[in-house]
Q: 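Below you'll find the structure I mean.
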Amino acid sequence: MAKRDYSLQGPDARRAVETGLAAAEWYHTEVPRKVMKDLMQRSDAPAIRDTVILYGCMILFAGLGIALWPSLWSAPFWLAYGVLYGSASDSRWHECGHGTAFKTKWMNDVVYQIASFMIMRNAATWRWSHARHHTDTYIVGRDPEIAVMRPPELAKVILNFFGIIDVIRFFPNLVYNAAFGPTADERTFVPQSEWGRVRRVALVHLSVYVATVALAVWMQSVLPLMVIGLPRLYGAWHHVMTGLLQHGGLADNVIDHRLNSRTVLMNPISRFIYWNMNYHVEHHMFPMVPYHALPRLHDTIRHDLPAPNRSIAEGFREMWPAFRRQLAYEDFFLKRSLPPTAKPYREDLHQISPGTLTPAAPPATAIPAE
Amino acid sequence: MPWINACATDDIDEEDLIRFDHGSQTFAIYHSPEGDFYATAGRCTHEEVHLCDGLVMGHLIECPKHNGQFDYRTGEAKRAPVCVNLRTFPVKVEAGRVFIDIA
């Protein structure tokens, strides 16, 4: 069994470049140019509406939480505030990082900076890591945003529902970035011209956390941290839940997003928090389509995609057993059936096995599961 | 190198672009909202993705892969992740045809 090396400077990273998996040309469903142009059109209105709702709810819930503090009656408001802070910020970071949420550039930039702070990501570093994620989605050794590496460490996955692993990794990295700029791994995907910006962003974030902790000490209360910082822990569960579904249990080292990404139909509240990123195959195939047009894109190309999971629960029922099988056999992955109207998967493009220098026979690298 | 006859003016909708290949080279030809035509190198300077599937917004072309943006009139990189400017080529229009000077 091949062992994957997820290091961005390791042997799998070199092999991905040598075999042409890195920066490859990916499969796209054919969409007429006029239709795609219409889908790509930008608008400020949907994102302004959603941002007013989001920040309005955050102010309301935090205000009620503070007013009722320290009574237990404040708990529901903290839980609601936490999900908006620790989960909705993930999708806002994502969409505004792409620059597609708003038509107006400064609006994207402002929401991106605020969301990056809340989700505890360096706004300069992560813009570049996400570009790499789109270039080399789930290519081992190339993609710095692989959520669940194989074999899966399920204890870490569960801890991260409370943001624990992310936050434990974030603060040492933040201090390093503030002192020295990007780490060695980060320098593999952040251009040198941006290294100074990485350090400046880290210094700003660090200053806010130091000020918040100082206020908490001065007030002899955890209340300031309930507003800034801790929601990244107690409100993380929703973005972890939806984020795992994006690629969990599916193929790696392929160049067809239908094989490594998952679309899940979900309830309107989760779609608001997640800003329609449940249409994840569609997003990866056409990252220029704004979040508010993804349902239309889904309707346009669904004939060429595996059937979406019909709920979050159904997605987990598919994904979690795959994680468990990967514990014993890390090459296992789910391969979903395509409808008769779809173009077939190009198997010849997807036979590079991690840990080998040559293409491997499909049966040796994967146990397809329908 | 003489001017190359690339396409007809009505091959490109206003505020849009098309791909034009010549020999081993590939280009993007743009029709601006004002009715002017421009030409640039075809591939994004970030990761070699062809710009022909991108979105033209005013005088900007947005790369279809990572949403980097260039001003297609000057080639100037306007939005990360693009950092390196795009090469531009002179264009002229004669008798309803778009010519580019690829020298």
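Quick caveat, the model's predicted, so the values are computed rather than measured. Residue numbers begin at 1 in each chain, while the letters A, B, ... track the order of the sequences.
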Q: Count the heavy atoms belonging to other residues, nucleotides or ligands that lie under 6.0 Å from CZ of Arg43(B), then report whether that count exceeds 12.
A: yes
Q: Show your working on side-chain contact (heavy atoms from CB on, under 4.5 Å) between Leu55(B) and Gln41(A) and close with a plain yes or no.
A: CA-CA 8 Å; Leu55(B) 178 64; Gln41(A) 290 308 312; 3.6 Å; yes
Q: Just verifying a value: how many Å separate Leu17(B) CG and Lys37(A) NZ, rounded to the nearest 0.5 Å?
A: 9.0 Å
Q: Any side-chain to backbone donor/acceptor pair from His66(B) onto Ala131(A)? Under 3.5 Å, distance only.
A: yes
Q: Can you say whether Met40(A) sits under 4.5 Å from chain B via the side chain, the backbone, both, or neither, judging by heavy atoms?
A: both
Q: With a sphere of 6.0 Å drawn around CD of Glu30(A), does it hold more than 12 non-hydrogen atoms of other residues, nucleotides or ligands?
A: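 No - once you tally the heavy atoms of other residues, nucleotides and ligands closer than 6.0 Å, there are 12 at most.
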Q: Identify the two heavy atoms, one from Pro191(A) and one from Cys83(B), that lie closest to each other, and give their separation to 0.1 Å.
A: CG-SG, 4.3 Å
Q: Take Asn67(B) and His134(A) through the test side-chain contact (heavy atoms from CB on, under 4.5 Å) and record every step on the way to the result.
A: CA-CA 11 Å; Asn67(B) 310 87; His134(A) 272 268; over 6 Å; no
Q: Measuring heavy-atom distances to chain A, does Glu62(B) have an atom under 4.5 Å in its side chain, in its backbone, in both, or in neither?
A: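 Its backbone and side chain both get close to chain A.
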Q: Looking at Lys34(A) and Asp13(B), is any side-chain nitrogen of the basic one under 4.0 Å from a carboxylate oxygen of the acidic one?
A: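 Yes, this pair counts.
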Q: If you look at every heavy atom in Asp53(B) and Met288(A), which pair is closest and at what distance?
A: O-SD, 4.2 Å
Q: Could you pull out the closest heavy-atom pair between Cys52(B) and Arg33(A), with the gap in Å?
A: O-NH1, 3.5 Å
